[in-house]
Amino acid sequence: MKPLELYNALLQKYKKQNWWPVTDSGKIAPAYKHREKLSEKQKFEICIGAILTQNTAWKNIEKAIVNLNKAKILECEKISHAKQEKLAQLIRPSGYYNQKAKKIRNFSAYLEKNYSCRTENLFSKPVQELRSELLSLNGIGNETADSIILYAAGKPVFVIDAYTKRLLQRGFGKKQMSYEEAQAFFESQLPKDAELFKEFHALIVEHSKQYCKKHAGCEECFLGKNCAKDM
DNA sequence: TACCAGGTCCTCG
DNA sequence: CGAGGACATGGT
């Protein structure tokens with residue numbers, strides 16, 4: 001199964017996921033329905049959400065985002081100047097709250113200092129520059145940087161996470177791929193299309209939750225044993 | 001109870 | 001580089 005075939009199979013099974021979930025009319029949309037442009041505030045929220053969701057279930061991040069919204073603090077200027085303890089309490093449900101409080105403040109302070117708190121200024125940079133700049137920030141690694149670039153900036157980079165690596169390993173039987181290897185693999189086999197990349201990654205996550213779990217059987221999986229064969 | 005969740009950083013070899 | 005530990009809540 002080639003990557004594009006896998007994508008089509010997953011899309012047919014799970015339907016469109018419309019990631020990234022983002023606050024819309026006061027509440028977090030389970031799936032981001034409308035495809036019109038994201039607002040500046042929503043782009044910022046995605047950046048924060050991408051940091052908060054590190055190794056944590058999304059449900060917990062939703063609680064944290066709701067708290068930030070209720071406190072009317074989910075803005076670059078506010079977070080960059082907020083007390084760390086206050087932020088930590090608000091994002092408590094997201095886990096690692098002390099570390100993450102620093103991370104989201106660090107990111108906000110950087111955005112404020114260098115881009116007047118406007119993600120669109122940051123995102124106007126060439127992808128390579130943007131990526132290395134994000135990676136230079138403490139608290140932003142490969143996946144978080146790419147999630148921001150893809151879902152907030154809307155530029156086509158393929159996001160690799162633990163689920164994607166797991167999917168690649170199963171059926172492959174190949175040795176573990178590094179982040180860069182896995183990313184290069186997908187990007188070399190797919191059209192460079194941000195909407196496709198967004199949807200594909202979201203579908204892999206959904207599929208991994210339902211079937212391709214840590215200890216999961218390929219027996220029950222609708223893709224069968226050869227899910228990744230010949231990829 | 002124990003394990004897992006849309007990782008990243010730091011410290012050693 | 002790559003392995004191993006720390007970081008922490010909430011759901012099953």
Side-chain angles (χ1 to χ4, degrees), chain A residues 6-7 10 14 16-23 28-32 42 45-68 84-108 110 131-153 157-170 174-184 186 194 196-217:
Chain A
L6 174 63
Y7 170 75
L10 294 177
Y14 301 108
K16 282 206 89 167
Q17 303 298 304
N18 293 310
W19 270 26
W20 186 283
V22 69
T23 302
I28 296 178
Y32 185 60
Q42 287 173 322
E45 179 181 317
I46 291 174
C47 298
I48 298 304
I51 292 170
L52 293 182
T53 198
Q54 289 168 3
N55 201 40
T56 305
W58 178 255
K59 273 289 173 198
N60 293 0
I61 276 54
E62 285 191 346
K63 295 178 207 282
I65 290 180
V66 167
N67 288 346
L68 292 170
Q84 208 149 121
E85 297 74 36
K86 182 179 182 182
L87 284 178
Q89 282 315 304
L90 289 170
I91 66 171
R92 202 165 196 283
S94 74
Y96 308 130
Y97 50 82
N98 288 315
Q99 289 200 344
K100 285 175 178 173
K102 285 183 193 164
K103 292 179 181 183
I104 63 176
R105 207 177 65 154
N106 184 39
F107 171 78
S108 302
Y110 177 82
R131 188 165 199 277
S132 51
E133 224 173 291
L134 289 170
L135 287 176
S136 75
L137 299 180
N138 190 284
I140 298 187
N142 283 321
E143 186 186 338
T144 307
D146 286 338
S147 293
I148 290 172
I149 295 170
L150 178 62
Y151 290 105
V157 296
F158 203 91
V159 177
I160 303 298
D161 61 358
Y163 289 149
T164 311
K165 286 187 182 172
R166 187 197 297 162
L167 185 74
L168 281 175
Q169 274 184 81
R170 291 192 177 147
K174 285 192 180 176
K175 71 172 198 289
Q176 196 159 18
M177 283 193 192
S178 70
Y179 189 97
E180 286 74 16
E181 287 172 329
Q183 184 173 55
F186 277 105
L196 171 66
F197 287 5
K198 286 182 192 174
E199 196 56 38
F200 203 164
H201 175 69
L203 285 164
I204 288 174
V205 172
E206 185 57 29
H207 179 57
S208 300
K209 285 176 178 170
Q210 294 201 24
Y211 291 95
C212 206
K213 307 179 194 176
K214 203 148 196 174
H215 296 287

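Model, not experiment: these values are computed from the prediction. Each chain gets a letter, A, B and so on, in the order the sequences are listed, and its residues count up from 1.
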Q) What pairs with A:Q54 under side-chain hydrogen bond (donor to acceptor under 3.5 Å, both in side chains), at least two apart in sequence or on another chain? A) A:K103, A:T144

Q) Sequence neighbours excluded, which residues qualify as salt bridge (charged side-chain N to carboxylate O under 4.0 Å, His left out) partners of A:E181? A) none

Q.
Please tell me if A:R166 has a side-chain N or O lying less than 4.0 Å from either OP1 or OP2 of B:dA5.
A. yes

Q) Can you give one letter per nucleotide of nucleotides 7-13 of chain B, going 5' to 3': B for a protein heavy atom under 4.0 Å from the base, S for sugar-phosphate only, - for none? A) BSSS---

Q) A:I65 has an atom CD1; how far is it from atom P of C:dT9, in whole Å? A) 18 Å

Q. Can you tell me how far P of C:dG11 sits from CD of A:E62, to the nearest Å?
A. 12 Å

Pairs under 3.5 angstrom only: tabulate donor-acceptor contacts from the side chains of residues 85-98 of chain A to other protein residues two or more places apart or in another chain.
residue : atom : partner : partner atom : Å
A:S94   : OG   : A:I91   : O            : 2.8
A:Y96   : OH   : A:N55   : ND2          : 3.0

Q: Using a cut-off of strictly less than 4.0 Å, decide whether A:H215 has a side-chain nitrogen or oxygen near OP1 or OP2 of B:dC4.
A: yes

Q. OP1, OP2 of C:dT9 versus side-chain N and O of A:Y97: anything below 4.0 Å?
A. yes

Q. Does a side-chain N or O from A:K63 land closer than 4.0 Å to OP1 or OP2 of C:dG11, or not?
A. yes

Q | Results of side-chain hydrogen bond (donor to acceptor under 3.5 Å, both in side chains) for A:E45 - residues two or more places apart only | A | A:T23

**Q.** Check: A:E133/A:Y110 side-chain N/O donor and acceptor closer than 3.5 Å
**A.** yes

Q | Inter- and intrachain pairs under salt bridge (Lys or Arg N to Asp or Glu O under 4.0 Å), touching residues 93-102 of chain A, at least two apart | A | none

